[in-house]
Amino acid sequence: MLTIDELATFCKRRGFVYPSCEIYGGMSGFFDYGPLGVELKNSIKQQWWKSHVQQRSDIVGIDGSIITHPKVWEASGHVANFTDIMAKCGKCGNSSRADHLVEDKAKIPTAGMNTSQLQELMAKHKIKCPRCGSDVLKIAQPFNLMFKTTVGPSSGKEAEAYLRPETAQLIFTDFKLAQENARLKLPFGIAQIGKAFRNEIAPRDFLFRCREFEQMEIEYFVHPNKIGKCPYVEEFSSYEMNVLTSEMQKKGGDEHKKTKVKEMLDKKLILPWHAYWLAFEHNWLASLGAKTENLRIRQHVQEEKSHYATDTWDLEYNFPFGWKELEGIANRSDYDLQQHMKASGKDLSCFDPETNTKVVPHVVAEPSLGVDRTFLVFLFDAYEYDSKRENIVLHLNPKLAPIKAAVFPLLSNKEELVADAKKVYDELRKEFSCFYDENGSIGRRYSRMDEAGTPYCITVDFDSLSKHDATIRDRDSTKQARVKIKELAEILHKLLSGKMEFGSLA
Ligand code: GAP
């Protein structure tokens, strides 16, 4: 499998992702998306928004502010609890996450361990500084991951605010307004896509752990008396996923087992709403190209759960550095709404017309997916070195591909071919992100587009001039077909949306 460093090198060379501000030496944990990367990232977000918000009648979206009121984070528990334990090297001053050092070197799960437990394990396993190799590593005070800033000209305490470490809290603070404006009735969800910031002690693994990243989150609210029943779970009854429960982990196991949703429910391993959202998310990722053998769902063990969660399952991906969280799906109960009601003194309950009473809904599932980690997953599962073509091919789902179609004149020194090819390009780019290329041999141009993940290449040749048609080439099979130029846009629409198979053109 491709390593994360090899993927980072590829991303930089092809203009997917660069280290941020590289001309000044870069900044650890910050990245910029290049011309291909921004298209792929935008497509991921568009596909998510379409299937999670626009195509559903029970979910609406918001877009909250990034710099947020400090009271939000006091109420949510982030000021007190959003910390990691840091190990600092007494010799070179390097900071590392103590839990990561122990997990990496001693291969021991560290969920929920406190400062002294980690210090003890570091001594027992003679863990050294990963930078200079010295053994004078000392555990420091728990380190809060939130970025603080000041708002306005004053720099006093009253001007302090935070960059949000998760988008979720804005959903809770806007809950009442959004519910009333959109006239939502339980059960319903509120979704948001946006930046989040965490001052990670040791960012690592390229986009996997950065300090600035994006999240796609939903808080799904259910009547407190109806948390045991999910009207949608039936549609996923026979859906199968790789499952690793907390019970299996307690017995020392790390091997997941293929299990159907129905079996999980029958054995009461999970509540129906939680199972529904895990299957929905798993299916969404798979439908856009994530390989199901690289996905699993893993339940948090008791010590690992966040302060707000009654049950959490991670959707994990088999990264080259191990199975790691791609998406967290927690049951947050009514924790957040209750906390914000207490702290703000505002009523955040909903009216229940059946009982004529007010109820505080429960968040039965919070699907929280990182855009940047999803970006990595789609790239890993699309990437192939094709030894026949002697070239990298990115088999990205056409819905995600940064460039949907490339247009070439067969020869760049034939004016009439160039003119016709440019006409085709000008027409197509009104509807799709397209690329025009007349440099190098046709073979080189195909290779460059295969590497960029472009699903279709269109070549205007001498026959095109008289017959008003062109060849269209399929990235994955390399097969070609001739199509009328006036039908190209419609055919591309059908191919890109999956309504037409390329084979039906030949
Ligand atoms: N609101 C819940 C929440 O934020 P989380 O598990 O801390 O839960 C959700 O984060 C997702 O955000 C993760 O599954 C991951 O995809 C992404 N994420 C979290 N920290 C990240 C980081 N430092 N860099 C990149 N993505 C991150």
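As the structure lists them, so they are numbered: ligands from 1, and atoms in each ligand from 1.
Within ligand 1, the atoms closer than 4.0 Å to a non-hydrogen atom of Arg332 are 1 (N), 2 (C), numbered from 1 in the order shown. Under a 4.0 Å criterion applied to the non-hydrogen atoms of Glu200, ligand 1 contributes the atoms 23 (N). If you number the atoms of ligand 1 from 1 as listed, the ones under 4.0 Å from a heavy atom of Glu217 come out as 1 (N), 2 (C), 3 (C), 4 (O). Short contacts between ligand 1 and Glu327, defined as distances under 4.0 Å to a heavy atom of the residue, involve ligand atoms 14 (O). When each atom of ligand 1 is checked for a heavy atom of Ala168 under 4.0 Å away, the hits are 1 (N). Residue contact check: Gly328 has heavy atoms under 4.0 Å from atoms 14 (O) of ligand 1. Interface atoms of ligand 1 facing Glu366, defined by a heavy-atom separation under 4.0 Å, are 1 (N), 2 (C).
Not counting sequence neighbours, Glu120 has no partner by the salt bridge (charged side-chain N to carboxylate O under 4.0 Å, His left out) test.
At the shortest separation from atom 10 (O) of ligand 1 among protein heavy atoms lies Gln215 NE2, 3.4 Å. Ranking protein heavy atoms by distance to atom 17 (C) of ligand 1, first place goes to Gly370 CA, 3.7 Å. For atom 25 (C) of ligand 1, the nearest non-hydrogen atom of the protein is Phe208 O, 3.1 Å. What sits closest to atom 11 (C) of ligand 1 on the protein, heavy atoms only, is Ser368 O, 3.5 Å. The shortest contact between atom 24 (N) of ligand 1 and any protein heavy atom is with Cys210 N, 3.0 Å.
Residue Phe213 places no N or O, backbone or side chain, under 3.5 Å from any N or O of ligand 1. Some N or O of Glu325 is nearer than 3.5 Å to an N or O of ligand 1, by distance alone. Checked by distance only, ligand 1 and Pro165 stay at 3.5 Å or farther apart across all their nitrogen or oxygen atoms.
Counting only heavy atoms from C-beta outward, the side chains of Met241 and Leu295 never approach each other to under 4.5 Å. Looking only at side-chain heavy atoms (C-beta outward), Tyr162 and Val79 come within less than 4.5 Å of each other. Residues Ile66 and Phe197 form a side-chain contact, since some pair of their non-hydrogen atoms from C-beta on lies under 4.5 Å apart.
Put simply, the side chain of Lys260 never gets that close to the backbone of Ser237: no donor and acceptor are under 3.5 Å apart. Under a 3.5 Å cut-off, the side chain of Glu219 and the backbone N or O of Glu366 do not form any donor-acceptor pair. Side chain of Gln192 to backbone of Gly64: a donor-acceptor contact under 3.5 angstrom is found. Not one N or O on the side chain of Glu22 forms a donor-acceptor pair closer than 3.5 Å with the backbone of Pro19.
Phe175 has its ring centre less than 6.0 Å from the ring centre of Phe221. Between Phe236 and His282, the distance separating the two ring centers is not shorter than 6.0 angstrom.
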Exercise. Verify side chain to side chain donor-acceptor pair (under 3.5 Å) between Thr3 and Asp5, making sure each step is shown before the conclusion.
Key: CA-CA 5 Å; Thr3 67; Asp5 292 340; 5.3 Å; no
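Note on ring orientation: taking the six-membered ring where Trp is involved, the planes of His256 and Trp323 are perpendicular (angle over 60°, cut-offs 30° and 60°).
The shell of residues lying under 4.0 angstrom from ligand 1, judged by heavy atoms, excludes Lys324. Within the 4.0 Å heavy-atom shell around ligand 1 one finds Leu326. Under a 4.0 Å heavy-atom criterion, Leu207 is in contact with ligand 1.
Scanning Glu166, Arg198, Arg373 for the heavy atom closest to atom 7 (O) of ligand 1 points to Arg198.
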